Amino acid sequence: MRAPPLPFRLLPAALALACSCPWAQAAAPRIDAPAPLEALLQRHLQLETPRDEAERQALQTRLAREGRQLLATEGYFDPGLELEGENLEDLVLRVGPGSRARIREIRIHIDGLVPETRRQELLEAWPLKPGLPFRQADWTQAKEQLLQALLERDYPAARITHSQAEVDADSGQVVLEVTAHSGPAYRFGELKLDGLLRYKPDLVERYNTQVEPGDPYEEGRLQTLQTRLENTPYFNSVSVRIDPDAAEPGPDGSLTAPVRIRLRERQPHQLGLGAGLSSNTGARVEMNYRSADLFRKAWQLNSGIRLEQLKQSAYADIFLPPTRDQSQYAFGVLFERSDIQNLKLQTQSLGISRTRQQGSVDLSLNLGYIEEKQTPQDMESRHTRALTFNSIWTWQPFRGQIERVEGYSSQVQLGGSIKPVSDQNFVRLYGKHQHSLALGSRNTLSLRAEGGIILAPSRQGIPQNFLFRAGGTQSVRGYSYQSLGVQEGQAVLGGRYLTTLSAELTHWLADSPWGIAAFVDAGNAGDDKKTFKLKTGYGLGARWKSPAGPLGVDIAYGDSWHLHFALALPF
């Protein structure tokens, strides 16, 4: 048998020699200290096992020096650190932190032309008080908070000119001293726009409700204006800053600085393609064309064609830039065909709307005209028409906060139509409320309630888009999409009454974007209050926290087993 190469023949001997060395298996010194300090020292100290007594003494000196510096940041200025142990392989760094220093006195000086009321506000907001334990992190944060309060309002050139923490280790007391210089007060000047090529300056002015010449400087106002411009379809990037180099002195000693807005315009025309799959309306493909500068007037066009298995639609909506009072007008047309629950619908509609956002509330007023052809299976077609007015109030206190697990949103609608411009007199009331609650760190309870009523002699002559049907995803799971309503032959039509309720508990897996949900839904839509009864569905689902928000797949039982999901993919 051929012998192995020399390196492999020497490997067992090398392993045996390594195992016989006294430091080969020795553990690094462990730390014996109170829990919070132990974690601090363990995180920052470099622990290594000495090979002889000389290295042990060097390690003791280094750990004592570095440990004292770390403990001083937590207010322990006279600690004891001793490396103990008879064997080099079993050393312990014992830490006696001693007494924690406390703040004895605070001296805050604010230089500059700062009004006395503002000065008192800053002093009262100072978070560190005499008697509190001293921590370097708290001291640093307090100074930053003081400076930020000046920078954010009136004094963008403020700075910290002096800071000192005077420590008396013997008495365990600290005297803090900080001096902030405010610099001159600033006011907003005229807007100076850079980067506009396609659009007129008036477009930027329409979005500006924050910055007025002569107003005192506030950083938050600049940030709000920048965010508003960034959220429009007109610009790729926006920067809103004052220009202190061009500031001019005012009569009250303040400086007036122009507000410089640097813009980079976005390509105004976009073509999008997409596909999707939903348990409600089946597979779909769609094409969308958008323009942010229709007719060279900064009008926004959103148009497209969507082809689904159960519904096909073509639409075009035009949005005008906001007015000075931040109202936005829009008008559009829609052509739609659907065949859902044995009811074929052909709809043509056009409308105009006015929307205004005030904080977390959106108010929308809509005037529209709709013509509809209804064809229940094995029955004659009938036509309806209506000129409708509808008002919508929407509350979204946590708008745009995708990651937030707690919050709510509500919507109320009030609308209707009258003869002779419509086939039927009716008043439509609708409301919806959604609420999410955090139960511990890994559980979320989601509640939903929805209700609607139409005040009319009958449902005849009212377009189906204004009547109510229920069932499917985002409604009553465990039932097919829009299968709950008024049975007419083989078809399900909309009724004048709607109620849906839902409760869902989601348990999120540790350190994972995945969750498991259990839910129960109840609801129905109908046309007879005497026979109106809620249908119940319940089931389990999987949840995923995607970048676009939570996505889910549900299996539910109501009248039978149903799979509920929705997925959209852009091309």
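Because the structure is a prediction, the values reported are computed rather than measured.
A cation-pi geometry, defined here as NZ or CZ lying under 6.0 Å from the six-membered ring centre and within 45° of its normal, holds between K545 and W508. With a 6.0 Å cutoff to the six-membered ring centre and a 45° limit on the axis angle, R477 counts as a cation-pi contact of F519.
With contacts defined as side-chain heavy-atom distances shorter than 4.5 Å, the pair I261/S239 does not qualify. Considering only heavy atoms from C-beta on, L263 comes within 4.5 Å of V204 through its side chain.
Here the straight-line distance linking atom NZ of K129 with atom CD1 of I106 works out to 7.0 Å at 0.5 Å rounding. Taking CG of L222 as the reference point, atom CD of E218 lies at 9.0 Å (rounded to 0.5 Å).
A salt bridge does not link R104 with D168: every distance from a Lys NZ or Arg NE/NH1/NH2 to an Asp or Glu carboxylate oxygen is 4.0 Å or more.
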Check against ring-ring contact (aromatic ring centres under 6.0 Å, His included), Y199 and Y234: CA-CA 9 Å; Y199 304 110; Y234 306 113; 5.1 Å; yes

Full working for salt bridge (Lys or Arg N to Asp or Glu O under 4.0 Å) between R324 and D202: CA-CA 10 Å; R324 296 296 182 180; D202 176 72; 2.9 Å; yes

Working for salt bridge (Lys or Arg N to Asp or Glu O under 4.0 Å), residues R135 and E74: CA-CA 5 Å; R135 292 182 68 248; E74 294 296 313; 3.0 Å; yes

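Just one residue in the list L70, L63, L93 forms a side-chain contact (heavy atoms from CB on, under 4.5 Å) with L81, and that residue is L93.
Ring planes of W126 and W139: perpendicular class, angle over 60° (limits at 30 and 60°).
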